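Structure record follows, encoded as structure tokens.
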Amino acid sequence: MNVKLTQSAISMALAGNPNAGKTTLFNHLTGARQHVGNYPGITVDRKEGYLSVNGQDVTLIDLPGTYSLTAYSIEELVARDFLVNERPQVVINIVDASNLERNLYLTAQFLELGVPLVIALNMVDVAESRGITIKVDKLSELLGVPVVPIIARTGKGTDMLLETALDVVSSELAWEPITISYGDDLDATIIHLVEDITSADFLTSTYPARYTAIKYLENDEQILVKGRDESPVIAEDLEADVAKVANHLKKTLNVYPEAIIADHRYGYLKSILRDGIISHAYDTDRLYTTDRIDKIVTNRLLGPVIMLGILFVLYNFTFSWSELPITWLERAFGWLGSAIDEIMPAGPLKSLLISGVIDGVGGVLGFVPLIMFMFFGIAVLEDSGYLARVAYMMDRIFRIFGLHGSSVMPFILSGGIAGGCAVPGVMATRTLRSPKERMATLLTVPFMNCGAKLPVLALLIGAFFSEHKASLMFVFTMLAWAVALFAAKFLRMTILRGESTPFIMELPPYRIPTLKGLLIHTWERTWQYIKKAGTIILGISILLWAMMTYPGISSEKLLLFETERNSIIAAYPAAVVTELSTRGDALSVEAADLQERLLRLDKTISEQALKSSAAGTLGRGLEVISQFAGFDWRTNIALVGGFAAKEIIVSTLGTAYSMGEVAVEESDSLGKRLQRSPHWNKVIAVAALVFIMFYAPCFVTVACIAKESSWRWAAFSMAFNTVFAFLLAVVVYQVGMFLKLG
Ligand code: GDP
Ligand code: MG
């Protein structure tokens with residue numbers, strides 16, 4: 001170590017492809033000494049960590065994972081801007097040794113930018129297990145930068161890495177861009193552009209001249225804009241030169257300069273890697289197997305059929321295996337309700353516990369087994385590598401609807417295979433390059449069947465179509481996709497009109513998932529669901545219960561009901577009345593009759609109470625419009641609650657439909673209650689499902705959309721979805737009733 005210790009902290013940036021192990025290394029190096037914020041003005045994470053190497057303080061900045069440094073996505077721009085504006089003293093470029101060629105594509109761009117670089121050759125353990133050996137010294141020599149093999153997961157080699165990085169800092173190298181040849185046509189133009197750029201000192205304080213020239217050829221929007229700001233005259237001159245060579249290439253080779261540049265970069269890397277730097281000890285069997293599987297699984301015709309088949313199996317698995325545990329849970333909550341009913345005196349607290357807490361949260365928690373099985377199935381698809389194939393196949397279809405291959409992941413995350421959440425889905429749209437494709441994706445992902453809609457689907461399908469649970473689940477998933485895609489097409493043809501951008505994606509090799517990995521994945525997601533039910537849902541559930549209980553029946557009305565009760569009782573001989581209050585069962589015909597009449601009265605009273613509560617008033621007010629879709633006022637209450645979170649729908653229906661009932665033996669499951677209710681039938685169930693699937697996203701999602709775009713788009717999303725969903729529900733109801741399907 002020959003480091004001249006400086007007083008202030010040295011800044012190191014950590015950069016690399018997604019999944020290269022950046023986070024693992026960052027955490028290993030900095031431990032708990034981290035700080036997470038946002039880059040000014042945008043929602044991309046900015047992570048900084050602090051460490052000390054041989055007494056020298058170091059600030060480590062984790063750049064967003066990217067494949068490239070073009071101006072296509074926010075992440076790429078953030079990474080590039082950071083490098084040129086903040087000039088870290090050294091960049092640690094982490095590359096995945098088991099995927100070297102692809103990872104070095106980004107490295108080539110760092111080299112062209114000229115940043116002081118150290119390569120952390122990560123995952124050498126993985127490479128080794130696949131029989132890949134890499135000649136580190138030779139690689140370092142050819143690239144002209146230090147290469148240090150590491151295993152980020154165990155920390156092996158990281159001390160060496162840090163020392164090497166400090167060495168680079170202390171040797172105080174100037175930024176030194178390498179020169180890659182881009183073929184005769186472009187090289188000539190580049191030389192010409194570089195002359196103009198250097199003589200005018202055009203952007204040279206930020207970028208090396210050759211870099212600017214290449215970016216002009218790549219049609220890099222950010223740099224074009226910056227150039228016009230710096231000097232409109234020179235910018236115009238450069239753009240004209242670029243247009244000329246672009247035209248020429250288009251005519252002779254029918255390609256854009258960008259494509260030639262990318263080809264030559266890969267060519268440069270191939271030539272470096274050719275000299276036996278990478279050797280395979282044995283044939284990569286797994287890759288071979290992967291290719292063979294992919295030939296069938298991603299086949300143009302067979303692929304989609306297999307995909308649909310797999311989804312269908314997934315639904316069957318989820319619904320049939322979870323049936324038993326769901327029944328147990330329902331019974332447990334039913335039992336808990338009756339137990340409390342027996343031991344507690346009547347009053348608001350009892351009502352709160354039974355109607356607000358147990359029916360509300362219990363209704364949601366009752367679906368935990370279903371959610372768990374669904375997540376388990378999805379974890380299998382994800383961990384095996386199949387989900388990436390789904391994205392790959394869907395790209396072809398997405399294109400037709402004006403979306404992008406990168407839209408697929410947001411859709412799947414949001415519940416494309418059911419059970420996701422639109423929040424990570426909305427956030428995942430950050431990887432989309434074109435703002436219009438991004439907006440279209442952002443606005444349509446909430447149409448997917450997220451984990452919160454799943455219980456509603458399960459409830460209504462279970463209650464009204466119990467014969468065909470799996471197939472209907474499948475149908476509703478397909479419907480969600482169809483609606484989302486057509487809505488996207490609609491948006492892309494109207495307010496978001498514009499061109500589409502190309503898509504490249506790597507298919508990871510297939511892996512047999514480990515049971516531990518599957519269980520962890522399943523548990524993480526299930527736990528999130530439970531936490532939500534336990535906190536947010538409980539809170540809103542209680543709030544809604546209060547709205548459904550107060551102000552309650554007026555005292556005059558109550559008096560009226562009391563009189564009615566007395567007159568009912570008075571109509572029977574005293575012996576019958578005593579019989580009813582002393583003997584629980586085996587009543588005489590007369591006593592049973594009296595009991596029946598009293599129960600009916602109680603029911604009317606609680607129904608009146610609910611009707612005149614705050615929520616009831618709101619729900620009844622909404623009946624004016626909602627009647628066209630067949631929703632009664634209780635359903636309206638639940639739907640209003642669903643604006644906050646879709647889970648609330650089940651819990652509120654549970655509360656609303658339990659308040660109207662009194663007898664203990666009627667502590668049936670909610671599904672049964674709906675089945676019996678005169679306000680529900682098959683057509684209404686479908687209309688309600690359609691409405692719930694497509695109306696306004698939940699609050700959290702709306703907030704997220706606002707954060708990722710603007711409040712105006714968020715408001716648009718709420719209004720557009722609700723109006724659209726309602727119209728659809730009306731059509732379903734009216735047509736269904738007309739055909740007498742109810
Ligand atoms: P990032 O996307 O670059 O932040 O990558 P992560 O740090 O999240 O790592 C991706 C995956 O690779 C994780 O599952 C890590 O546990 C794993 N990983 C990272 N470094 C190594 C390594 O050196 N060896 C092995 N076997 N796995 C690693
Ligand atoms: Mg990471």
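Worth saying up front: this structure is predicted, and the values here are computed from it rather than measured. As the structure lists them, so they are numbered: ligands from 1, and atoms in each ligand from 1.
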Quick one: which ligand 1 atoms are inside 4.0 Å of a heavy atom on Lys22? 1 (P), 3 (O), 4 (O), 5 (O), 7 (O)
Write out all pairs satisfying ring-ring contact (aromatic ring centres under 6.0 Å, His included) with one or both partners inside residues 112-148, taking only residues at least two apart or from two chains. none
Closest contact, heavy atoms only, Trp481 versus Phe411: CH2-CB, 3.7 Å
Ignoring angles and geometry beyond distance, decide whether Ala20 reaches within less than 3.5 Å of ligand 1 through its nitrogen or oxygen atoms. yes
Nearest non-hydrogen contact with atom 20 (N) of ligand 1 belongs to which option: Asp96, Asn122, Asp125? Asn122
Is any side-chain N of the basic residue among Arg46 and Glu86 closer than 4.0 Å to the acidic one's carboxylate O? yes
Can you find a heavy atom in the side chain of Glu163 that is under 4.5 Å from one in the side chain of Asn54? yes
Taking only heavy atoms of Asn17 into account, list the atoms of ligand 1 that are under 4.0 Å away from them. 3 (O)
Taken to the nearest 0.5 Å, the spacing of Leu485 CG from Phe447 CZ works out to 11.0 Å
Ligand-residue contact atoms, ligand 1 with Ile151, heavy atoms, under 4.0 Å: 22 (C), 23 (O), 24 (N)
Which residues pass the ring-ring contact (aromatic ring centres under 6.0 Å, His included) test with Phe82, sequence neighbours left out? none
Using a 4.0 Å heavy-atom cut-off, say whether Val126 meets ligand 1 through its side chain, its backbone, both or neither. side chain
Is it the side chain, the backbone, both or neither of Pro18 that has a heavy atom closer than 4.0 Å to ligand 1? backbone
List ligand 1 atoms under 4.0 Å from Thr24, heavy atoms only on the residue side. 6 (P), 7 (O), 9 (O), 15 (C), 19 (C)
With heavy atoms only and a cut-off of under 4.0 Å, state how Thr23 meets ligand 1: side chain, backbone, both or neither. both
Does any N or O in the side chain of Lys47 come within less than 3.5 Å of the main-chain N or O of Leu60, such that one atom is a donor and the other an acceptor? no
